[in-house]
There are 2 protein chains.
Amino acid sequence: MAAQRREPRKTRRVEAEAPRPRESVRARVHALLRARITSLELLPGAPLSENELAAELDVSRTPVREALILLGEESLVDVFPKLGTFVSRISVDAVLEAQFMREALELAALREAVTKSGAPDIAALRAILDAQRDALKAGDADGFFEQDEAFHRRLMEASGHRTLWRTVATAKAHLDRARRLSLPLPHRIETLVDEHTAVVDALERRDAARAEDALRGHLQGVFDDIGTIRASHPELFADPHEQPGSAPARPRVHPGLRA
Amino acid sequence: MAAQRREPRKTRRVEAEAPRPRESVRARVHALLRARITSLELLPGAPLSENELAAELDVSRTPVREALILLGEESLVDVFPKLGTFVSRISVDAVLEAQFMREALELAALREAVTKSGAPDIAALRAILDAQRDALKAGDADGFFEQDEAFHRRLMEASGHRTLWRTVATAKAHLDRARRLSLPLPHRIETLVDEHTAVVDALERRDAARAEDALRGHLQGVFDDIGTIRASHPELFADPHEQPGSAPARPRVHPGLRA
DNA sequence: CCGTCCGCACTTACATACAAGCCTTGTATG
DNA sequence: CATACAAGGCTTGTATGTAAGTGCGGACGG
């Protein structure tokens, strides 16, 4: 495909189409690509061309490029100068670090939530659990993950920390990519909701120790699944024994998966 | 000052001046501005114009803009569309969150370091402490802070987590801006080195509980100082009762401090 | 004197043009 | 046939041009 054979964009937009330009183009592109990556719609290793994306989304390269830079900061893409940008492969190190970070932050927040949370928090959490069970029954994988995200996010809010979720979400993105691959295991998923429920139960009884144990076990279990996945999808993972200081697995040729 | 009265940049660079263009211009600008902000060379509230910075650094607006976007992600600058970009004021909420995050991550890492660290780690840490004491005697504030950063970074490496420092450093930046203001208190500073030493001592003895207590106390003490500072420099702090959801303290007029 | 309105000077957001590096592939040569 | 080489097409990096929003300040009317 030749680049940019599309007709030049009109500099003056028709006003019928832009009711809410409140959110910047960059933010929209960033959110879109992030969703595509974490949902595995874009597989690890897939190339992301600034030109192609700009053409597809009908915007200029500038906001696309800025979005890719931000995704690079989150390690969701790897940018190789003058070579190309690719969805990052799942790095064992990155997953380990993400798991560690998530565990440390969520457990610390939970300790505070035990004393700070109130009835509205518990009610909101239980509502999310109900929705998650519904999604499970309906076989709605996307909805299930949405509610999972909502649960952990709401749990952190219950601790009074409102801005910390961004950091946890960044770490969680790496774990989620791996978890998505384990979806075909339905028995595992049912367990997850039960584990969530145990956390809320302990939280409601203000039982700090039990809440902590429940959440820790839950997070550890999620992490353990990833090892199982790796065996069946090795091409999605980065070289396991890579030195972090050295060049980060530059692809010899444009790594496959194109189209 | 009128914008861009500088002569047009030569598109072809003289090659005598660029021996190592390995690091992108964006990365250099980002690092430079970050250093200026965390060192308080650029005070909270100070305006950062893409045009002015591009002219001063003799680069185009593009890498400057990209660097500012990254700093915005770290909450070190606030970008108000079509209005201006300003060094972020020290937000009490942000400092609280940074403190919480740092404490959670560093303590969790320390727990692992107690079992994983070895003699080389201890030796490296003690060397850093010596350097820190030297900087203290010499009255070298910048050097002191450098060694402080090195200490905490090395401590995290001793736990085996190599990539986690980036996250901690982002949080630490907000705390450091406040701490810089407390430098005139020399008695406090001497305490800091002693606290660091206590952590290493306990770590060497593999005394997890004592190491944890020492580090927790140290981090808490650092945090307590910030409250003291706030009284004497209120203009550097954001509105204390600001709703995080609402507009983030948009400046009525370009906030002063301009040259 | 005071309020209102309008334009100007500044900003960032987005679009486009140009530069430079890497890989592939076709081609010529041994 | 194998290999060296060079050109071309792709990529991202940087530079610059254009659009559009915001607040300030002066002109103007009351």
Side-chain angles (χ1 to χ4, degrees), chain A residues 1-15 18 21-30 46-55 57-69 71-72 77-86 247 250-256 258, chain B residues 1-15 18 21-30 46-55 57-69 71-72 77-86 247 250-256 258:
Chain A
M1 179 202 280
Q4 296 292 81
R5 79 160 73 92
R6 179 172 45 87
E7 67 181 6
R9 205 182 342 276
K10 304 178 200 66
T11 63
R12 185 86 177 154
R13 297 280 175 77
V14 286
E15 45 269 339
R22 295 295 164 77
E23 200 177 27
S24 69
V25 176
R26 168 175 81 244
R28 283 206 314 266
V29 174
H30 177 70
L48 293 173
S49 159
E50 291 178 6
N51 278 322
E52 278 186 25
L53 288 170
L57 306 176
D58 196 47
V59 296
S60 80
R61 267 185 60 207
T62 302
V64 171
R65 173 180 171 74
E66 291 169 351
L68 288 176
I69 290 172
L71 291 170
V77 307
D78 294 323
V79 180
F80 300 97
K82 316 299 177 80
L83 215 169
T85 302
F86 308 89
R250 168 169 141 244
R252 282 184 181 281
V253 182
H254 288 199
R258 184 151 224 152
Chain B
M1 179 202 281
Q4 296 291 82
R5 78 161 76 93
R6 180 174 44 87
E7 67 181 5
R9 205 184 340 279
K10 304 178 201 69
T11 62
R12 185 83 176 157
R13 297 279 175 78
V14 285
E15 47 268 338
R22 295 295 163 78
E23 200 177 27
S24 69
V25 176
R26 168 175 82 242
R28 282 206 316 264
V29 174
H30 177 68
L48 293 173
S49 159
E50 290 179 6
N51 278 323
E52 279 186 25
L53 288 170
L57 305 176
D58 195 48
V59 296
S60 81
R61 280 171 22 227
T62 302
V64 172
R65 172 180 171 75
E66 291 170 351
L68 288 176
I69 289 172
L71 291 171
V77 306
D78 294 323
V79 180
F80 300 97
K82 315 297 177 80
L83 215 169
T85 302
F86 308 89
R250 169 169 139 245
R252 283 185 180 279
V253 182
H254 287 198
R258 184 154 225 152

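For clarity, every value in this text was computed on a predicted model and none was experimentally measured. Residue numbering restarts at 1 for every chain, and letters A, B, ... go by the order of the sequence lines.
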Report the distance from atom CG of A:L71 to atom C1' of D:dT12, rounded to the nearest whole Å. 16 Å

Below the 4.0 Å mark, does C:dT12 have OP1 or OP2 next to a side-chain nitrogen or oxygen of B:R65? no

Salt-bridged, A:E23 to A:R28, with N to O below 4.0 Å? no

Just compare D:dT12, C:dC14, D:dT14 and give me whichever is closest to any side-chain atom of A:S24. C:dC14

Protein-nucleotide distance (B:H30, atom NE2; D:dG13, atom P), rounded to Å: 15 Å

Interatomic distance, B:F80 CZ vs C:dA13 C1' [rounded to whole Å]: 16 Å

Can you identify which nucleotide, out of D:dT12, D:dA15, C:dC14, has its nearest atom closest to the B:P63 side chain? D:dA15

Below the 4.0 Å mark, does D:dC10 have OP1 or OP2 next to a side-chain nitrogen or oxygen of A:S49? no

How long is the span from the CG atom in A:L71 to the OG1 atom in A:T85, to the nearest 0.5 Å? 10.0 Å

Between D:dT11, D:dT14, C:dT12, which nucleotide gets closest to the side-chain atoms of B:E66? D:dT14

What integer distance in Å separates A:F86:CZ from D:dT11:P? 10 Å

With DNA chain C as reference, determine whether B:P81 or A:P81 sits nearer its 5' end, using the nearest nucleotide of each. B:P81

What verdict does the side chain to side chain contact (heavy atoms under 4.5 Å, CB included) test give for A:I69 and B:I69, after you've listed the backbone C-alpha separation in whole Å, the side-chain angles of each residue and the deciding distance to 0.1 Å? CA-CA 9 Å; A:I69 290 172; B:I69 289 172; over 6 Å; no

If the condition is side chain to side chain contact (heavy atoms under 4.5 Å, CB included), which residues does B:V29 pass it with, not counting sequence neighbours? B:V25, B:L33, B:L57, B:V64, B:A67

Can you measure A:R61 atom CZ to D:dG17 atom P for me and round it to whole angstrom units? 17 Å

Which atoms form the tightest heavy-atom contact between B:P63 and B:S60, and what is the distance? CD-OG, 3.2 Å

Report yes if at least one side-chain N or O of B:S60 is closer than 4.0 Å to OP1 or OP2 of D:dT14; otherwise report no. no

B:L48 CG - C:dC10 C1' separation (whole Å): 15 Å

What's the closest nucleotide to the B:K82 side chain, out of C:dT12, C:dA15, D:dT12? C:dT12

Rounded to the nearest 0.5 Å, what's the gap from CZ on A:R61 to CD on A:E50? Could you check? 4.5 Å

In whole angstroms, the gap separating P of D:dG13 from CD of A:E50 amounts to 6 Å

Measure from CG on B:D58 to P on D:dT16 and round the result to the nearest Å. 10 Å

If you check every side-chain atom of B:N51, which of D:dT14, C:dT11, C:dA13 has the closest atom? C:dT11

Base C:dA15 paired with A:T62 side chain (donor-acceptor, <3.5 Å): yes

In DNA chain C, consecutive runs of at least three Watson-Crick or G-U pairs below 3.5 Å, as range with range, amount to C:1-30 with D:1-30

